[in-house]
Every structure is written in C-alpha cells, then in structure tokens.
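To start, the structure itself, in structure tokens.
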Amino acid sequence: MNKLVDKYGRVYSYLRISVTDRCNFRCKYCIPTQHFEFIHHHDILSYEDIIFALNLFCKIGIKKVRITGGEPLVRKGITNLIGEIRKKNKEIEEITLTTNGSLLSKFSKDLKQAGISRINVSIDSLRTERYHSITGGFELKNVIEGIKAAQNEGILPIKVNTVLIRGFNEDEIIDFCNFAADNNINVRFIEFMPIGNSIEWSKDSVVSGREILDIISEKFTITKLEKHKYEGPSLDYRLSNGAKIGIITPISNHFCGSCDKLRLTADGKLRPCLLSDNEIDLKKAIRERDTDKLLSLIKDSLKIKEWSHKVSDHESIKFNRTMSHIGG
Ligand code: SAM
Ligand code: SF4
C-alpha cells in the first residue's frame, strides 16, 4: 500500500537519490565558479545508509529510483550499489541513472549487469568548442562514445537531456532533433532553472516550451505522443524526421499538480520539491537505523510540500543549493 500521499492527494512513487555532490565536470549553469563548497565527506550517506533508507521507502510506496548527483559514476562502487538495490528491493520496477556520460564507456557493461533500466545523458551542445566551454573543458566525443557503448549493451532507449539557455544554445534545437533521429536517441529539452548558475538566471534566459515547439515546427511536422507510465513530466512528440523528443517546462508551465517525486540529497536531506529550499534532515535517523523516526520524518516532508513552486511568479529568484548538491 502506498503511504506516501500528501495533503493535496498526490501520491509519491519516485525517489531520486543523489549519491554524491562531486563531479568531474564544471558545467557553468550548474556549479558556481565562486563561493561553492562541497559537502563534507563525513556528511555523505554511505551505501549502507542509502540501502537502509531505501528499504523503508520501498515498503511505503517507492517503485522507481533514479541515481543521480553530482556525477554518480565518479563515486567508487556505484555499480555495486545499483546491483544491491536491484537485489534487495523487488518492489522497484525501474532503476535509472542520470549522468554526464563521460564515464559510460567504462561503466556501461557493469551498469547493464547491475540491472540498470535506463540512462539519461546530459548534453547541452553538439558543437565541440561550445561543449568544451560549458562543461569546463570536456570532450563531447567521449560522451558520444559512452552513449554508443550503453546502446551496444542494450540499455535502450538512451535519453539525452538538453538545458536550453537563451543566447547560448537555442540555435542548436534543430541540430538536436537531427541528432535524435540519426542516433536512435530521445532528446528532451529542459527549461533553464534558477539553481546553481554561474550563468545568471532570469526569466529572459529561459527558452520556453512554446518557443521550442515553434522553432521545431518550422522544420518538422510534430505529432504528440501518449505517455508511458514512467515517462515523467515531459510532453513527448514524434517528428517527421523520425525523432522522438520531449519538452520539460518547469518554469513556463509547471507540472506540480502531478508531481510524484521526492529527492534524497547526498547528505541525507529529503527535499520534497526541487524548486523550494524546504528540506527535512533524515541523516541521524538513517545512521541510527531508527525506522520509526525515519518514517515519521518522511511523512513530515510531505507536510511541508507546497502545492506548487513559486519560480514562475518571480523575475529572478535564488536557491540555497546547487543542482549538484540536490541531485537534478
Ligand atoms: N552529472 C549528471 C548529469 O549532468 O546528468 C547528473 C546530475 S545533473 C545536476 C542532473 C541534471 O540537472 C542535468 O541534466 C543538468 O543539465 C541539470 N541541471 C543542472 N543545473 C540546471 C539548471 N540550473 N537548470 C536546469 N537543469 C539543470
Ligand atoms: Fe556535473 Fe551534471 Fe552539474 Fe554538469 S550538470 S556540473 S555534469 S552535476
């Protein structure tokens, strides 16, 4: 029985677990270049901590888990954690990973063996120089090779997440649609959010879902697709070149009313809404293996979750944590 229901009747079945705030990349919109601190090592949940907490989450309704970060593939033993989660929690229907893809060539085989269901890879530019610049000096070709390695292991479909930022990459929307068709990849365009951000966020920097569709429809015929049960908040379309694309609009048209997600940060905070700094600290209860206390804190986190985020009401807004802290 699902016990994760909030006061608005929303049912929670999806947990995103950030396993680290560390990352080999320095994406300009994600990790600030100044005043940025990593979480102290002793505050990071161990794998045993995560498995203990997840055991309870699964008993009360979690059915889908996403492993994220920071960059999850930089944490030692990550594929063992995924394998353990798979073995210990038969309730989990899907375990997925969000990665920058730079280490996929090395880990795809182990990820497949560990039982990963699907992988999302973040790519914000298909142009070598631009990619290099936004990520803080990394090579796009390693990521493309990583995607191919994952596809060869049969981890399908690969989804590519692309954050669109006005003046930076909206001129690549059509290139991404062609890339999707040519490589059998689903590309999802995501509106830029005011989290992290060395690139200054403002409403003007957001390329809205409407605008994205307008640009695409000048080139391709667009057919709206029905949603699969785990497809999440993206609005999905098939294009006349064969590409499947998704649009995720947290700013211009939020989907808070159907939110089914909770986020466990690398330092053991439960963050019920990505775009609100309200968090409940689970670490002590997890480390003391206190199931009753943990259950009560999880329920508290549903009480502090508001009906919707407030970003759309502001021209400019800042949050305390970066996406790499929270687990995007
Ligand atoms: N390192 C992995 C990666 O890049 O996929 C996983 C963590 S990263 C924080 C997860 C996702 O958050 C990425 O797709 C990234 O593009 C997205 N992200 C980070 N900062 C963002 C922002 N300010 N607005 C929208 N998406 C953001
Ligand atoms: Fe690292 Fe992902 Fe953030 Fe880029 S978006 S800095 S890869 S955590």
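We count ligands from 1, going down the list as the structure has it; atoms in each ligand are counted the same way. Since the model is a prediction, treat every value here as computed from it, not as a measurement.
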With P272, which residues qualify under side-chain contact (heavy atoms from CB on, under 4.5 Å), at least two apart?
L262, S301, I304, K305
Residue N161 vicinity, atoms of ligand 1 by number, heavy atom under 4.0 Å
14 (O)
Which option out of S122, G101, S102 puts a heavy atom nearest to atom 13 (C) of ligand 1?
S122
Please check if I119 and V74 belong to a single hydrophobic cluster, counting links between Ile, Leu, Val, Met, Phe, Trp and Tyr side chain heavy atoms closer than 4.5 Å.
yes
Might you point out which heavy atoms bring Y131 and F138 nearest each other, and give the distance in Å?
CD2-O, 3.3 Å
Assess, by modelled atom type and distance only, whether the side chains of S102 and N24 contain a donor and an acceptor separated by less than 3.5 Å.
yes
Would the distance check show the side chain of R26 and the main-chain N or O of G136 forming a donor-acceptor pair, the cut-off being under 3.5 Å?
no
Under 3.5 Å between some N or O of ligand 1 and some N or O of E71?
yes
Is D124 close to ligand 1, meaning an N/O of one under 3.5 Å from an N/O of the other?
no
So do L111 and L73 actually touch side chain to side chain, heavy atoms under 4.5 Å?
yes
Mind checking whether G69 has an N or O less than 3.5 Å away from an N or O of ligand 1?
no
For ligand 1, which atoms sit closer than 4.0 Å to a heavy atom of T68?
6 (C), 7 (C)
Sequence neighbours excluded - side-chain hydrogen bond (donor to acceptor under 3.5 Å, both in side chains) pairs with any residue from residues 103-112:
none
Checking contacts here: is it the side chain or the backbone of T99 that comes within 4.0 Å of ligand 1, counting heavy atoms only? Could be both or neither.
backbone
Heavy-atom contact under 4.0 Å between G70 and ligand 1?
yes
If you measure from the Lys or Arg side-chain nitrogens to the Asp or Glu carboxylate oxygens, is any gap between D204 and R166 under 4.0 Å?
no
Side chains of S208 and E191: is there a donor and an acceptor less than 3.5 Å apart?
no
Contacts of type salt bridge (Lys or Arg N to Asp or Glu O under 4.0 Å), residue R271, not counting sequence neighbours:
D277, E279
Part of V163 within contact of ligand 1 (heavy atoms, under 4.0 Å)
side chain
For Y29, counting its heavy atoms only, list the atoms of ligand 1 lying under 4.0 Å from any of them.
15 (C), 16 (O), 18 (N), 19 (C), 20 (N), 21 (C), 22 (C), 23 (N), 27 (C)
Any side-chain donor paired with an acceptor under 3.5 Å for K141 and T128?
no
When you check the space around atom 3 (Fe) of ligand 2, which protein N, O or S atoms turn up under 2.8 Å?
C30 SG
